[in-house]
Structures are given as C-alpha cells and as structure tokens.
Amino acid sequence: MFLIGASSAQDIDSAQRVQRPQITSTALGGDRYRVVAPLSELRAAAGPLHLRGARASETISVPVAPGVSIESARLRLRHTGSLGMMDARPHLRISLNDSLLAQLQTPRAATTTAHELGFDPSRLRGGYNSLTFEAIQRYTDACQDPNAAELWTEVDTLASEVELVYRRRAFSGRLSDLDQLMAPGLGGAESLAVLTAGESVSADQLRWGALVVQGLANRMRYRLPEISHVAARRAARPAAYASPAPMLDPSGLAGSDVVLVGTFAQLRPFMAPAANAQRGAYIEIGPSPADHTRFLLLIAGETPAEVMRAATALGLINFPFANAASAHIGALDIPDGYVPAMDNIVHPEQTYSFADFGLATTTRAGLTPNPIELVFDAPADFWVAEESEVVLQLDFAYGAGMREDSVVNVTVNGLFQRALSLSEAAGGLVNNYELRLPARAFRPGRNRVSFEIALAARQTGECAFENDRNLLFSLRDSSTISFPPASRFVELPNLRLLGETGFPFAGANGQPFAVRLTDDAPETVAAAWTMMARLGQIHRSLALTADFGFGEAPRGLHTLVIGARPELAAAGDEANDLTNAGFIQVSSTSRGSPVQSRVDLSALGGNGLLISGESTRSHRRLLAVLTAQSPHALLEATRDLVAPSRWSQLDGRAAVWRPDADAVATQPVGETFHAGDLDRAQRASYVFSSNAVGWIGGITAVLAALAGGLTYLSRRLRRADPRQTKHPPT
Amino acid sequence: MPPGHFDLFRQRFLSAVAAFAVLAAMAAMPVELRAQGMLASVTIICFALAAYFGGGYGYIRVFAVLLTVFTSTRYMFWRVQETVPFDTPVNAVFGLTLFGAEIYGYVILLLSVFLCTDVIDRKPAIAPLPADRLPSVDVFIPTYNEDEDLLEITIRAARAMDYPPSRLSVHVLDDGGTDQKCNDANPEKRAAALARRKALQALCAQTGATYRTRAQNTHAKAGNINAALPDTDGDLILILDADHVPSREFLRRTVGYFVDDPKLFLVQTPHFFLNPDPVERNLGTFERMPGENEMFYSVIQRGLDALNGSFFCGSAAVLRRKCLEEVGGVLGDSITEDAETALELHSRGYRSAYVPRPMVAGLAPETFAGFIDQRMRWAQGMTQIMLLKNPLLKRGLTLPQRLCYLNSCFYWFFPMARLVFVLAPLLYILLGVQLVNANAGEFIAYGVPHVVGALLLSATLFGRVRWLFASELYELVQSVHCTAAIFQVFRNPRTPQFVVTPKGERLEETYISKLALPFYWLTSLVLLGEVVGAVRLVQDPTQAGMMSILLVWNTFHLALLLGALGAVYERTQRRSNPRLRRAVPISFDLGGTNYLAATSDVSASGLRFNAPREALEELAVDQLLVLDGSRVGRRECARLSVLIESIWETPDGVSVGASFVKETNDQWRAALAFAYTRGEVWSEHQLSRSNSTAILNQIPFLFGQSVTNAVAHMKALLRGPKDAMEKRAAGFGRRCLLVLDRRLVGTGH
C-alpha cells in the first residue's frame, strides 16, 4: 500500500549518514601540505583487503604528483588475522615499489590491530607507486592445506591510510608536462580556478571554460579538482616573478591552479607586455601569480574561433605539445564527426583485438590467480536484438599436468556466461577458440569481461607436495572480440545511464546537446563546469558538440539546465515545470512494505537535485535539471554529486542528496520515452516486447475481426452460390 | 457457367489472400522470447477453448483456422530468420532437408485451410422421371483378374439400378481374356485366359450384361475403357470397378446434374468400403475408427467441389461421353489416368460435381502388399501429373483449380516428408548433427504452438473423419515404399506401370507381410535413438532441454512404428464378402408360427439375425428359410431365400447365420436389394464410427491397439525360428523312433 503525503525537501530521507573517509589535504603553512589518503580511496575494489591462503598478495597503487617534494611518509595500518592460525609464523610483508617496507606479525585478535610505519619518503616517486601487501599464513607446522579456511588476513582499508607531508616545488613545467601535472596523484591539482574577463560570462566563455576543465579533468582520470569560476581582475602591481599573466590580481587564487581563457582583447590587460605581440590560437603555461608552486594556463586567441581551437587542443590528450612554455596552435584538422573520446568505446559490427583495449598478453599462475579482465565501453545507446551474439576468438595456452577440472570461467559484468575446460593432460595451445556470448549480457557503458582462472593441481591435500608451477594460463592479446550489428536506441530518462556513460551529455557519441545556465553567477558557472568535467571523465571525451548558453535551450536537443531553484524560470517554463512535479520517494516500513511520499521541491534547503524527463518542447529529447536552493548551494551540491560515492548511486529519473550524508535518494522511473534511430520494424518489435499483453490483445482482436468478416463472407457466398443448399455444411 | 460463379471463386480466393496477408504481416513481427512465450501460452489456451466450444462450420471454426495459420506462419518465419544452420556443410544439408519437409507441411496446411475450411453442400438433383428425358447410360465394369463371384454381384447390382432398362446398358470390359492373353506363349496362361473369357461370357449371358474384350492389353484400364467407347453410344458412362457394387439409387441421384448443366463432365461419388483396409484390420480399429479415405471423400472432395476442382477417382463416377471423346477418351500419360483426364477436361472449361453420399460399396485391398501397391500407384501417378502436366501452369484452369490440383498432387510428397521427420531427431541424437539453430526455450515458444495448432487444425477440419495421429500412422506405413516409388518417377516420369490392385483376396492364416523389413530397420534405429538419447540426457545436462524435446519427438515416432509393425502383421480374413452391421426388422414363418426377428449384420453373401428363443426348436442348420425383408423398402425383399449355416443360443434368444440362396434371378434381386438398397445404410455406418470415440480416448485406444499388435508381431517373429527348429527336431525325433522301432522289430521286441 502506498501512502502519499506531502513533505518538504528538507525531509528527504537519507538512510545512511555514514561519513566515508576521503582524501584530505591540509595546508601546513608556506608551501607545505599534509595529505591523508585512506587505502579505500586508492583501491578500485570496495570493502576490506582480504588475503586468503598460505600465500596471498594484493597491490595498491599510490599515485604521487610529480611536482612535490615529500618530506615525510607514514603508513597507518589496521589489520587482523584469523584466530585459527598459529602464533608466531604468520606475518604480513609490506613492500613499496617491490622492495621491502616492513614485516608485521599478523595479529590474531577479535579486532584489528593498528600499526604506524614511517618510511623514507625518497622511496616514493612521482607517478604510480605500488604498495604490496603479502600475507604468509600458517595454521600448523606440519603439512597444511594451502587453501584452508583459517588462512586469512584482513586489512581495514577505511581505517588504514597513507599520510604524506610534502612541499610543493616552484612551478617549472612545460606544456609537454601537462599530463604529469594533471596526473591523479597525491599532492596534485586539487583546486582549479577558471578565470574569464569581464563581469558577466558569455556563452563563448562558458564553452571555453567547459572544454578546458574537461581537458584537464580527463587527464586526472577519476579524480576531480575543486573547480571554481573567478572574474579576472587586474592587479595593481605585477607579480614578483615571471608568469603568463603577471598583471592578474592574485587575491582568492592562492592554493589553486589557474586557467585564464579568453580573447587577446579580453586578456591583454593581464598578460605581460611582451605577450602583446602574440597572435593566433595560443597556449602558455607558467607559475601562477598567486602561488609560484601552482601553474597558470593561458588559453587565448584573436577570435573566439581561435580561442576555441586552443581550448580544443588542450583537450586532446595526445596533442603533441612541444617542450616549451607556450605554443601557437595552427590549423586543427578535426574531421567532421570525430569524437575525441579516449576510452575504449566499441562500435557495432567491428572486431577488436584484446590489445586494442590495452590488454597485453597475460600469464597467470597458481591455484586462484587474479582474473584477466577485458574492459571496454559500449555506447550508451547500444541496442542489440535479443538473439545477437558477441563472439570471442581466443588464443590461449595452459600448462600440462593440471587436474581435469581446471577451468576458466568467463563472466560478463559479474555474471557467469561460459567456461573453458582446460582438460588436456599435456597442456594446450589453442588458437581461434570461439566463444559466443549473448549480446544482451553487455550493457551500455562500462563492460567487464573477466576470465576467472581456477586451476587445480593433481596432488592436493595437507601433506601432499603440491606442484603449482605447472598451473599456468596465458591469454594472448591477439584474441579478438567481435560485436554484432546494433542500433542506437535507449529508454529515457535514466540517471543510471547518465552516471555510467554520461549519456546524453558526455558528447562521446558525437550527438549535439545543449547546456543552459540560468545565470552567470560564479558559483553557477563553476557548478556547470564541474558537471561537464565529471561527464567528460567517463569516456575522457570533449563536449565539442555542446551548445552552451544562458536561458532557454533551442528545440531539438537534449538539454542540461543548471541553476539555482529560484532562477529556473530563466531557462524556460519546462525546467520549472519539471522541478515542480515533485519527487516521489519510496521507502520501506519496518514490515518491509513500500511507502511512497511526495516531496515538494519548491524549497530545496541544503539538498541538491538532479531531475530529468522528456522535454515538452522537443519530442523524444531529454531535459535534465541540476539545481539547489542557491548558487552557493548549487556549487557545493555539484561538488558532492561528482564524488564517486554519490555519483555511483544515480538512478531512476531524479536524485536528491544532502551534503552531510553519503546516500542519494532516487525516484524510480515513471513515464519513459525512447531516443534513437531504430527502424520501424525494430521499434515495433521493441514496443511489442515491452508491452506483450497489449500486443497479444491486438493480435487476438485482429484474428477475431478477421474471423467475423470471413464467416460473414462465407455465409454470403453460400447464399449466392446456386449449387449450394442454404444451410451450413454438416 | 451459372452466372456469378467466377465471381464467387474470385471473392473466395481474394478474401483468403487478404486474410493471409494480414496474418503474415502480424506473424513476421520478431519479439523477444519472453513475449513469444506469453503468446505461446495464450495461443494454446485459445486452441483448447476452440476445441472445446467449436464444432460445425461457424465462427469458432474460422477463428481456430486463422489462429493456426497465424501460429504456423510465425513458426515458419522464425525458422527462416533464425534457425537454419549454415555453420558446417553437414548441418546445412540436413538442416535444409528438414526445413524443406517443414515447408511441405506448411504448404499443405495452407492448401487444406483454403480448401476445407468451408466446403460445399450441394443441392440434390434427382433425375427427372420421364424416360424420354433421361440420358442413356452405359455402365462400364473393367475387369482384369477379379473373382467371378465378385463380378457377378457388381453386374447384377448394376442391372438392378433404379433406371429405365431401355436407357441402361451394362458392359463387362474384360482385360483378362483379351486376344493377346488368349494367345499367350505360355500354355498355362493361355488356358487361364481362355477359361476366364468363357466364364465371363457365360456370366454376362446369364445376367444380361454385354461382354467385351479387345485385342491388346495396351494402356491398362484407360485403354480398356477407350476400346469400348466406339462400340457403345450411351450419353453417359458410369464406371465401376469390379468390386464396386452400386446401390439402386445411384443413377437417380447423379444423372440429374448432367440434365441441369450441359457443361458438366463428371459426377463423382465416394468410395465406401465394406471391409477394413489392412491397417484397420491388423490393428483392430475398423469398428471404431473412421476409414482412411473418409477424410478425402467427406471433406476434401467437397472442398474441391466448391472450387470446381473435384476430380475423377476412377470408379463410382459418371462421365459425359461427349466430353470424354473430345479429349480422346481416358488419358494414359500417367498411371492415375482418372485424375489426369479430369485435369484435361477442367482445363477445357468443363465442370465437375461431387455428390458426397456413398452409393457404391467396394472392397479395400486386403493385404498390406496390395494396399502399398495401390498407394504407390497413386503416389507415382500424381507425381507424374505434377511433372508432366504441371497444373500450376496449365492453360485453361482457374487459379482456384490450380490450387486444387496442386493440393491433390503435392499431397503425395508426404512419404518423403514423413521419413525426414522420423530420421531428423536421430541425426542429432546419434550423430550430433545440428539441424536447427535454436535452444529448447525457443523451440518450446515457437514450435509447441505450431504443433498444437496443426493438431487442432486437423481436428477442426477433419475431426469427425480422421482420428488424431491416424494421419501420421498411415503416412508412416506408406513412407518407405512410396518414397522409393516417387524417386523412380523423378528419375523417369514415364516409367511407372499400371498395377492392378488385388481385391477379394482371402487371408487363410496370419503371417508377417513381406514388406515388413524396412520397419524393422526404422524401429531399431528409433529404439537406438531412445537409448542413446537417454544416456546423453543424463551425461550432458547442458543439452538436456533440446535432448528432452527430441526424445519426446523420437518416442512419438516409436509409438507410430509400433502401429506400423502391427499393421504389417497380417491377420486372417476368411470372408471375401465383408459384413456390415445393420439392424433391419425381418420376419419368417416356421411351423405355422410367424416369428419377428432383426438382422445384426448383412453382406452380399448372407446375413446374421437374432430370433426369439421359441424359434430354436424349429430352426436347424442347412435348413432353407424364406425371410420377409420388405421392411427395407423393397418389395422384392419380401421373399428372401436363405440357407441356415449356424445357430447359437444367446441370452436374448437365438443368433442365426445364413447365406443367401441365389439360384434364380429373383433370388439374386432380392438378395442384392436387401444388401445394397440405399446409401443411407453406409452413411449411417460412417456416422457411427465418426461419433464413436471421444477425442481424448482416441489416442489411448490407438496406442493400445498398436502395442498389442506389435507385440503379437514380435512374438510371431521370434516364434518363426523356434517353430522351424521344433519342426526339425520333431522330424529328427520321428526318424529316431522309426530306426529304433525297426531295430526293436528286428530284435523281436
């Protein structure tokens, strides 16, 4: 039974007010900072780090920004081991970049035990550092079963953390260092201020800013800096050191990396006099006048088109910037329809080798080695017929002398699909082994094909010598995966799809869309850029086809409206109407029965709201509104939304969240519409499949009508046939 | 042509095409499996409701037919679009072969629907009584090697037909006593031919028929008839096979159509059989299950007739002489000369009519070999017509007529399709050949409604005249030999020779037909498939779904093969004149007392009747008795002379078996009038069988009979070698005793 009641946005129920530990950075004065990163934030998998078996290990990547000097490094570890293990011998070996960091005896306690390890910071290097936890475990001195259940160690990744104290070095990078500068490392770019000239923000400036933040955020992969918008002001005195914009007023810019974008006419007041002679699309990098350890990126051009060119070049991750502080961008020949998305988006009716997805030939050894994973993205509007198949042609080899039940289980997105039996006693070298997987097992967005290897030795048992050096499986990168024909078709609204693929606002499929802001308040602009940066990160794409602006969006485009709740009218009535429709929250009672309550969204309080539906002005186009009660609240809410913990909860047609809680309340999808280009037959098939009862009813009605008509005709023909008797046949 | 006929045909055809187009458009829509599964469930429920509430020729019949066409069309679309395998040459070849068999079944389904959903019920056209308005009729009775006793009944019944004698002539066309045969180089054959000629001449003289023969035995029956044409002059020609005894009303109920329609070239009537065919006899289904030909004569011919497509079936038919002479007589390019002649006359714009009342009673082939000979001839002949005459392209035929002949000819490809269906599951079970690219769920969602629908269609269109699965059984028993026969025609369409179907044989003892061997092979293969399939089902659970479906299909074939084994185990039949159950009140005087009795069965040679117990003392075997059978409506039956053969006491009185005394013409007339008065008797017999068993009881009965007789067959097969061994052992034992006895005698013991 559903109970509909009215309540305010303040009452949005957030079930979990759990504060997840985040990576935190604290300024210590001068150029010194402390950053604390919980291991959970450095690890893709959720939950504690579990090490099972006689010998198990896992490696966590610790990225460190190259532009920092680490003064001290500490590892705080909370872990425990099974009570079933022996006292003395089980231990945990911790290595950093393959050399031993520490050995800790594995505690056998009901709760975790804390350790704090300081280590030489010089062992950390810029870029990715591998922190390896290897557990050696025993439950008996005699022969033991290496897979016994008692052999485990658990590391609490929420409570375990890496702490670094570092000093930022004076900035001396070049344009060719951009990838490193924006690498997702500790001590890297945490705050990005995007400056435009003038008191108000034009559509062009909005667009340039979006491309620039996307270009920079894409280099950071999965982390986002805190993005803000500042109106550039001229300083009274030039900066004490060389900078691309020495006359820029530094106030409010300390602690941030800076981007200054605009035409030369707009930016010359801030630039060095020597730069006045610059022409054409231009990019320069140098120390920020507010903080010599931070960079300032100047994006300029004579005309808006040249600024656009420079911003686009910045967004192209493979763009060959010279080892110089500045560069002129000549003709940028981007073909029509080119979609600068870096991540592996596959296309229908194409065949890819595993190498195309970055999966090199891999060998796994041992009883239960880590799976080999093939990761790629399917287009967000990827629609395949039910009987379609994805075909894998595998080239692999496996060792000799393995037990007959050695298998490789192939799963797609966590669901088991097929298995490879590795049953030849003499081992095998197999080429072009065909494996057909149902195409519907794949979904729009990120897909993961896992080859989970389970190898069994012939000899097992406590006192048996277990030769595991023959337990080998190699998967070659010449293996291929072929995709069937697919149509572009998707059911909207779908915030889960938005979260996983960015569709339709990521620009990864080359389709145009619109972004409209209700006003040019700095917070609103920053919120918009933050959202675009997050959407671009999904596929590392650039929104080259986006139409940025203020006010009402043009017809015929998917539109993302961003603005404070009181200002939504500026983006048109439909944005207001969409938000006025309210939010239906479904929650469970103590007896498990669902209860619906309608939440009035006219006053959002401290909540953020993302709501979507079909545009009333543009048929089969999505209208999504990102809003909060005020511009400030909007920016805070957007920053909260793009954090991985909340972003991954997007679902349904609307989502509401609070700054002080991790949970996101979502509204299930009600009315839907379809966007895409299915042909009539496919669309009919889809509609009929989705509404089978109606389809069957229609068939029955047609048959009944036909039968009636034919029966009537038959009787008429019989009456008209002079050969026949008048009564029906017997 | 009566005004508007063509319009009627066109309306019917166009409405069928339009309906099919709508159904096909709906059926072509691909949907996901879940939706298809729902459709399958709803479809089967609709089928069940239609079967329960349906009956007759009304709305529900049409709805059920449309639903079946929709379901089967959808199945075929699915097969075409998704399931035909091309991954390996072997799979492709066998998969396409199976698909071809299914296409055959689908085409036949569509044609059956078009022809039989709405059949014609002709107004009767009773012949006008004034003799001068009646056309003259020549009755041709072609004969080759039939028993004289059999012929005599036919001749006398033909002579006794209700028609002015001055307008009726009966001619016996003897191909067994031709000059060619009477001059055969083999003295035995020559003597037999001469004896036959003499005997038939005497018979004709005795019965008032005209004896005719010819010089050469060319073109078999067609040539025999054509040879008689120049020497006769009747306006109409009634053709009767030697065993086809007409009822008295025959001409009265058929000639009128020729008077009404000058363009009519044919009136065909059903062939009614007094005796069971070999399948019915050997499986013991004659009294309960409708005869195999009833479907054709009760429904299909009526459907053909509605479209002016009913064709000449070789006997029990009246033809207009003028039309026959226009085409040079009965044609002989094929060995089904009857259908071939009708095709030619239809193409010249002449019309045919079909009267569905059985007015001729004949004999079905007695032995399985005779049955197969007959069917092989029909299969070959109709295949010849397809290849040599091509009804689809023959000028002069209307489009509905082309479909009629397509149906009639194409139907005879069923032996090949049936064999393919039997072997298809075995290819997968035994050899792993993948004939269909589908999983079990898909097959259930698409295939089960199709199968259920086809069964329902058969029940809807032919339910009263064809039991469930009887078609499959008959097809199977004909499949092997007829397939070989059809292939022979494909190799050379002109090679098949006319073979006279033996009639009136007696089976003195039970034996296994010499044609049983192929069914042993098939049964062994199918049994092997059951075993291997069961093992694979257990060993490979991943294929369990599809294997289960194929095992069910294979088990169905096993059940059919049990029926086939029962059918080839020939049971005794000592009567050449089969009896028909019939209750007719009679009376007789004996010892001054008039006794009232009632017959229980009647044949051309005698009857059985139940008399009061009081008559027991007066009755005696070998006693001559005169019965009053006038209550059948014939005055001449008032004095029916019979000879008592057997007397049994029953709880209700006395059961007496007697044979007709037919020494004088009057006695003959009385006997024939009593046995062959009216067609209603035969219609009632047919009706009794069509309503005898509820649809759900048909399957267990048929299966039970199949198993029982198959077991008897197997016992006989095993007993054969044992009997031979016992005989040898007995012979050896006798010889030993003889030696011992001689020695003992020699020693004086």
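Naming convention: chains lettered A, B, ... in sequence-line order (proteins, then strands); numbering from 1 in each chain. Treat the numbers as computed from the prediction; the structure is a model and nothing was measured.
One finds the CD1 atom of A/Ile699 at 3.5 Å from the CZ atom of B/Phe70 (value rounded to the nearest 0.5 Å). Atom OG1 in B/Thr117 sits 9.0 Å away from atom CG in A/Leu710 (nearest 0.5 Å). Considering OG1 of B/Thr43 and CD1 of A/Ile696, their distance stands at 7.5 Å, rounded to 0.5 Å. For the atom pair CZ of A/Phe688 and CD of B/Gln36, the computed distance is 13.5 Å after rounding to the nearest 0.5 Å.
The backbone N or O of B/Pro30 sits less than 3.5 Å from a side-chain atom of A/Ser685, completing a donor-acceptor pair. Side chain of A/Arg718 to backbone of B/Ile120: no donor-acceptor contact under 3.5 angstrom is found. Formation of a donor-acceptor pair under 3.5 Å by the A/Glu386 side chain with backbone atoms of B/Leu33 is found in this model. A donor-acceptor pair under 3.5 Å is absent between the side-chain atoms of A/Gln724 and the main chain of B/Arg122, judged by distance alone. B/Arg34 contributes a side-chain N or O that, together with a main-chain N or O of A/Ser689, makes up a donor-acceptor pair within less than 3.5 Å.
Heavy atoms closer than 4.5 Å to chain A are found in the side chain of B/Glu82, but not in its backbone. Looking at A/Val687, there are no atoms closer than 4.5 Å to chain B (heavy atoms on both sides), in backbone or side chain.
The neighbour count for A/Arg496 CZ, taken as heavy atoms of other residues, nucleotides or ligands under 6.0 Å away, does not exceed 12. At most 12 non-hydrogen atoms from other residues, nucleotides or ligands lie less than 6.0 angstrom from CZ of A/Arg716. The number of heavy-atom neighbours closer than 6.0 Å to OH of A/Tyr712, taken from other residues, nucleotides and ligands shown, is 12 or below.
Looking at heavy atoms from C-beta onward, B/Gln81 lies out of side-chain contact with A/Glu387 at the 4.5 angstrom threshold. Put simply, the side chain of B/Leu39 reaches to within 4.5 Å of the side chain of A/Trp695, judged on heavy atoms. When side chains are defined from C-beta on, A/Leu706 counts as touching B/Leu23, because their heavy atoms get closer than 4.5 Å.
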side-chain contact (heavy atoms from CB on, under 4.5 Å) assessment of A/Thr711 paired with B/Phe63 | CA-CA 9 Å; A/Thr711 305; B/Phe63 182 86; over 6 Å; no
Working for side-chain contact (heavy atoms from CB on, under 4.5 Å), residues A/Ser714 and B/Val62 | CA-CA 10 Å; A/Ser714 165; B/Val62 177; over 6 Å; no
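Summarising the geometry of B/Met26 relative to A/Leu703, their closest heavy-atom pair is CE-CD2, 4.2 Å, with the distance given to 0.1 Å. Counting all heavy atoms, side chain and backbone alike, B/Leu66 lies closest to A/Ala707 at CD1-N, 3.4 Å. Between A/Asp721 and B/Leu8, the shortest heavy-atom contact is CA-CD1, 3.6 Å. Taking each heavy atom of A/Arg723 and B/Asn308 in turn, the nearest pair found is NH1-N, 4.2 Å.
Options A/Gly698, A/Ala692, A/Ala704 differ in how many heavy-atom pairs under 4.5 Å they form with chain B, and the most are formed by A/Ala704.
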